[in-house]
2 protein chains.
Amino acid sequence: MERKKPTTIHDIAKALNLNSSTVSRALNNHPRISEKTRLMVQKTAKKLAYQPNSMAANLRKSSSKTIGVVIPRISRHFFSQAISGIEETAYAEGYSVVICQSMENEKREIRNIDTLISSRVDGILISPAIGTKSYKHLNQIKERDIPLFFFDRYIEEVDASKILTDDFKIARQLAQHLIDQGCKKMAVITGDRQASIYRDRINGIYETLKENGFNMESQLLIKETELIYENGEQAIREWLKQGVEFDAVLGLSDMVAISALKVLQEEGIKVPEDVMVAGFSNEPASALISPAITTVGQPAYEIGQLAVKKLLHFLKEENPMDAHEIAILKSELIIRESTIRTK
Amino acid sequence: MERKKPTTIHDIAKALNLNSSTVSRALNNHPRISEKTRLMVQKTAKKLAYQPNSMAANLRKSSSKTIGVVIPRISRHFFSQAISGIEETAYAEGYSVVICQSMENEKREIRNIDTLISSRVDGILISPAIGTKSYKHLNQIKERDIPLFFFDRYIEEVDASKILTDDFKIARQLAQHLIDQGCKKMAVITGDRQASIYRDRINGIYETLKENGFNMESQLLIKETELIYENGEQAIREWLKQGVEFDAVLGLSDMVAISALKVLQEEGIKVPEDVMVAGFSNEPASALISPAITTVGQPAYEIGQLAVKKLLHFLKEENPMDAHEIAILKSELIIRESTIRTK
DNA sequence: GTGAAAGCGCTAACAG
DNA sequence: CTGTTAGCGCTTTCAC
């Protein structure tokens with residue numbers, strides 16, 4: 001089956017006895033073109049169902065008007081929100097967005113970036129996979145002078161502007177809140193502490209515990225694991241089996257927090273009366289279960305928005321001086337029943 | 001700031017005293033090329049950090065090896081799952097995927113499609129926005145001989161292959177289940193019944209109620225509204241205020257079902273003892289709240305997978321004969337506490 | 001097995 | 001204001 005050949009500017013030119021460059025100008029609302037021909041051309045374009053071939057235009061202009069985005073997975077509430085912010089802002093400025101999921105897998109992340117480079121995106125926004133240990137692929141982007149921005153997560157060794165949340169500070173607030181509610185022994189479930197976000201949060205928690213005179217040996221439990229649903233349950237069961245005590249569980253993702261809550265309830269441990277539970281990232285489910293779980297609301301949409309703004313600003317100004325700034329957006333402590341001590 | 005010019009095949013050719021066409025062949029593992037030059041070229045390509053310009057290649061080949069996907073929003077569990085299925089399958093076959101969100105907005109959907117046509121995608125998979133009433137933009141795709149497939153949702157007036165779930169059948173099963181559990185007066189919260197999915201589900205429910213001798217006037221309540229969280233609460237409050245009775249709420253999305261459940265509980269109405277509640281689509285939250293909500297698990301990943309397979313098969317076979325088939329995948333009735341009558 | 005040359009569809013000097 | 005011309009980087013005949 002032969003594909004029908006799409007209309008080109010040459011077809012329009014021929015139909016109107018014009019030159020294709022005139023057609024191009026008319027279509028792009030070039031200033032030096034007569035109103036009459038502009039209208040003629042646009043009418044004929046519509047009649048012939050002309051759709052510009054953006055590959056050709058971009059090839060010629062060597063700019064794709066496209067932003068590449070690499071995220072771990074779109075199914076996470078935070079990222080789908082961030083993408084909304086990215087898309088809204090980009091579209092408003094006439095840019096398209098290409099989204100790649102790394103699925104928290106370094107190999108895929110590398111492939112994603114190759115694809116984006118090949119399609120000559122004008123800039124890349126990335127929230128690297130947790131497991132990403134090498135950064136050759138990221139430096140490669142910089143070497144090609146493609147503007148690179150980290151958002152939410154970052155790799156310390158790679159020199160690029162970052163748009164982050166105040167993980168350190170909000171983790172402090174969250175820890176302080178638990179202590180204020182009477183927590184004496186905190187059980188923390190964290191992800192890979194080499195990853196920026198978990199490291200920052202853990203540091204905030206540590207500092208706050210120390211300030212409050214906690215004994216870091218006896219008053220803190222830490223479990224480092226992948227922050228998926230199942231692992232919340234597993235962590236709790238382990239601790240329970242070991243017979244260690246704790247009066248608050250702080251999961252660094254809502255999914256582990258929810259899963260922890262469920263096991264506690266199953267085991268007849270009351271939340272928040274016996275053990276308080278808090279999470280991170282304000283997944284929709286955290287507000288819906290009972291008791292509703294205290295969590296941290298992150299400005300996901302705003303992060304996406306700001307990342308694009310910074311990128312576009314950089315693209316316009318061509319100002320390489322501010323290439324390494326760090327913007328930090330405020331998160332919000334969302335206190336719900338699960339951490340309000342009642343007894 | 002001048003952007004550094006990326007390496008081209010000409011640069012490689014020059015470095016090796018070869019012709020650029022030879023380089024192109026070497027890079028693409030063309031059969032008629034000596035092993036020696038192939039290796040030379042590939043080595044030099046790596047050394048010069050060559051990344052092919054896919055715009056140029058695609059322009060030349062007038063095929064982008066890209067699949068365009070239009071969905072209402074990625075934040076919905078069903079769609080993010082479907083995208084996973086689409087991406088996995090497409091990547092395995094060397095295709096890229098461009099995702100566009102219509103945000104349930106017809107104007108945006110039209111713009112999305114224009115973008116996809118302009119970027120000369122090889123095919124389009126779409127799950128149209130609920131509000132989409134016109135279909136000029138969809139027929140336009142077909143007129144350009146770009147293969148078009150509906151998945152999950154479809155527009156009857158547009159002639160294209162479809163990959164669907166068995167909404168009609170599973171809605172029947174769900175309704176029957178409620179009746180089996182003793183439901184005598186069913187309150188249904190549906191979305192726009194002009195949309196294929198809701199229409200099919202409602203038809204299934206109607207048929208089952210009739211079969212079971214329900215009086216459609218007195219034993220069925222219907223509220224048609226946008227299926228967002230808030231509207232579940234609102235529907236229930238309205239009915240409650242009107243003083244009408246019902247013993248089961250069937251929300252055609254989990255979000256409205258959950259929201260309905262919450263209000264019922266707030267109002268002191270016990271679920272499932274006084275009123276049963278069921279939803280649709282198996283959002284993660286539906287399993288986490290208590291009581292856990294009966295819902296319909298849809299084969300989202302499989303739908304995405306199959307949609308791509310059908311598209312790629314069509315692209316390969318160039319067989320326009322099977323252009324209008326309908327594939328229907330089986331959903332699963334997930335029965336949970338919220339519909340198990342205990343009294 | 002490799003080279004020469006044409007051209008995908010578009011834009012942007014440079015003329016006039 | 002419009003036409004001419006020359007590519008953007010790549011693939012693909014057609015030669016040899």
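Sequence lines set the chain letters: A, B, ... in the order given, protein chains first and strands last, and positions in each chain run from 1. From a predicted model like this one, the values you see are computed outputs, not experimental measurements.
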- Opening and closing nucleotides of DNA chain D in contact with chain A, under 4.0 Å to non-hydrogen atoms: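 Range of nucleotides within reach of chain A: dC1(D) to dG9(D).
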
- Message: Counting only heavy atoms and a strict 4.0 angstrom limit, can you tell me which residues of residues 58-65 of chain B come near DNA chain D?
- Response: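 Only R60(B), K61(B) qualify.
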
- Item | Members of residues 9-23 of chain B that approach DNA chain D, where some heavy atom sits under 4.0 Å away |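 Heavy-atom cutoff 4.0 Å gives I9(B), H10(B), S21(B).
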
- Rounded to 10 degrees, the angle between the two terminal axes of the helix from dG1(C)-dC16(D) to dG16(C)-dC1(D), each from five pairs: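 Here the local axes at opposite ends form an angle of 40°.
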
- Message: What residues from residues 33-57 of chain A pass a heavy-atom cutoff of under 4.0 Å to DNA chain C?
- Response: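 Close to the strand are Y50(A), P52(A), N53(A), A56(A), A57(A).
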
- For H137(A), all residues meeting side chain to side chain donor-acceptor pair (under 3.5 Å), sequence neighbours excluded: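 H137(A) satisfies side chain to side chain donor-acceptor pair (under 3.5 Å) with E109(A) only.
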
- Item | Contacts of type side chain to side chain donor-acceptor pair (under 3.5 Å), residue T89(A), not counting sequence neighbours |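 Residues passing side chain to side chain donor-acceptor pair (under 3.5 Å) with T89(A): none at all.
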
- Query: Would you call E106(B)-K136(B) a salt bridge at under 4.0 Å N-O?
  - Reply: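 Here E106(B) does not pair with K136(B) in a salt bridge, since their nearest N and O are not under 4.0 Å apart.
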
- Query: Under the salt bridge (Lys or Arg N to Asp or Glu O under 4.0 Å) rule, what pairs show up with a residue in residues 54-83 of chain B, not counting sequence neighbours?
  - Reply: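 Pairs touching residues 54-83 of chain B that pass the test: R76(B)-E283(B).
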
- Tell me, which pairs form a salt bridge (Lys or Arg N to Asp or Glu O under 4.0 Å) where one or both residues lie in residues 302-314 of chain A, sequence neighbours left out?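 Only K310(A)-E325(A) qualify under salt bridge (Lys or Arg N to Asp or Glu O under 4.0 Å).
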
- D192(B): partners by salt bridge (charged side-chain N to carboxylate O under 4.0 Å, His left out), with sequence neighbours left out: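 Residues passing salt bridge (charged side-chain N to carboxylate O under 4.0 Å, His left out) with D192(B): K133(B).
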
- With sequence neighbours left out, write down each residue that passes salt bridge (charged side-chain N to carboxylate O under 4.0 Å, His left out) with E156(B), or none if nothing qualifies.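 Applying salt bridge (charged side-chain N to carboxylate O under 4.0 Å, His left out) to E156(B) gives R199(B).
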
- Query: Between V70(A) and S102(A), what is the shortest heavy-atom contact and its length?
  - Reply: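 Minimum heavy-atom separation between V70(A) and S102(A): CG1-CB, 4.4 Å.
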
- Trace of the side chain to side chain donor-acceptor pair (under 3.5 Å) decision for Q305(B) with E88(B): CA-CA 8 Å; Q305(B) 204 172 33; E88(B) 295 296 333; over 6 Å; no

- Verify whether one side chain among T37(A) and S34(A) offers a donor that lies under 3.5 Å from an acceptor in the other.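 Side chains of T37(A) and S34(A): pair found under 3.5 Å.
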
- Contact class for T8(B) (heavy atom, under 4.0 Å): base, sugar-phosphate, or nothing?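 Sugar-phosphate contact only.
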
- Taking the six-membered ring of Y91(A) as reference, does the NZ or CZ atom of R111(B) fall below 6.0 Å from its centre and within a 45° cone about the axis?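 Yes, R111(B) sits over the ring of Y91(A).
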
- Task: Considering only heavy atoms of chain A and a distance under 4.0 Å, specify the first and last nucleotide of DNA chain C in 5' to 3' order that meet this criterion.
- Result: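 First-to-last contact on DNA chain C, by the 4.0 Å heavy-atom rule, is dG9(C) to dA13(C).
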
- So how far is it from L164(B) CG to S196(B) OG, rounded to the nearest 0.5 Å?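 So the gap between those two atoms works out to 7.0 Å.
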
- Item | T115(B) and S118(B): CA distance, side-chain angles, deciding distance, side chain to side chain donor-acceptor pair (under 3.5 Å) verdict | CA-CA 5 Å; T115(B) 309; S118(B) 281; over 6 Å; no

